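Just below is one structure, and these are the notes that go with it.
Model, not experiment: these values are computed from the prediction.
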Amino acid sequence: MLEISSDEFTEWLAYYQIEPFGEQIADLRHGTACALVANINRNIEHRPEPYLADEFIHWTQSEAADSEEPEQLDDPVAHSNLIKAAVFGIKPG
């Protein structure tokens, strides 16, 4: 199991704010490329508005992605696991 100190975790959070990384950012890049290709080939008579990257990323259309309130868990270990999964993609195990 991967363990880091609170200081190192805080540094990673700060770095992520400056330079996001991970699968969500990769999905966004891919969605942007898909939107570019779709816009180059779209028929402006049938679809006058351009495609957006969100339309090619499945998780942006879920209810969880639209939630503006942070998810808070009562159990500190479960909450820590949720943060690890969101930031580092580490699943509890």
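For residues 25-39, the pairs satisfying side-chain hydrogen bond (donor to acceptor under 3.5 Å, both in side chains) are Asp27-Trp59, Asn39-Arg42, with sequence neighbours left out.
Tracing side-chain contacts under 4.5 Å through hydrophobic residues (I, L, V, M, F, W, Y), one never reaches Leu52 starting from Ile57; they form parts of separate clusters. In this structure, Leu28 is not a member of the same hydrophobic cluster as Ile18, with clusters built from ILVMFWY side-chain heavy atoms closer than 4.5 Å. A continuous path of ILVMFWY side-chain contacts below 4.5 Å connects Tyr16 to Phe9, so both sit in one hydrophobic cluster. In terms of hydrophobic clustering, with Ile, Leu, Val, Met, Phe, Trp and Tyr side chains grouped at heavy-atom distances under 4.5 Å, Leu13 and Leu2 are assigned to a common cluster.
In this structure, the separation between OG on Ser5 and CD on Glu11 is 7.5 Å, given to the nearest 0.5 Å. Remark: Asn81 CG to Asp75 CG distance equals 8.5 Å, nearest 0.5 Å.
Closest approach of Ala35 and Ala53 over heavy atoms only: CB-N, 3.8 Å. Of all non-hydrogen atoms in Ala38 and Phe56, the two that sit nearest each other are CB-CZ, 3.7 Å.
More than 12 heavy-atom neighbours from other residues, nucleotides or ligands sit within 6.0 angstrom of CD1 on Ile40. By the neighbour-count criterion of 12 heavy atoms within 6.0 Å, atom CD of Glu23 is sparsely surrounded, having that number or fewer from other residues, nucleotides or ligands.
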TODO: Kindly determine whether Tyr51 and Leu36 satisfy side-chain contact (heavy atoms from CB on, under 4.5 Å), including the steps that lead there.
DONE: CA-CA 8 Å; Tyr51 290 98; Leu36 174 69; over 6 Å; no
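Aromatic ring orientation, Phe21 versus Trp12: perpendicular (interplanar angle above 60°, classes split at 30° and 60°).
Under the side chain to side chain donor-acceptor pair (under 3.5 Å) criterion, Arg47 pairs with Glu55, not counting sequence neighbours.
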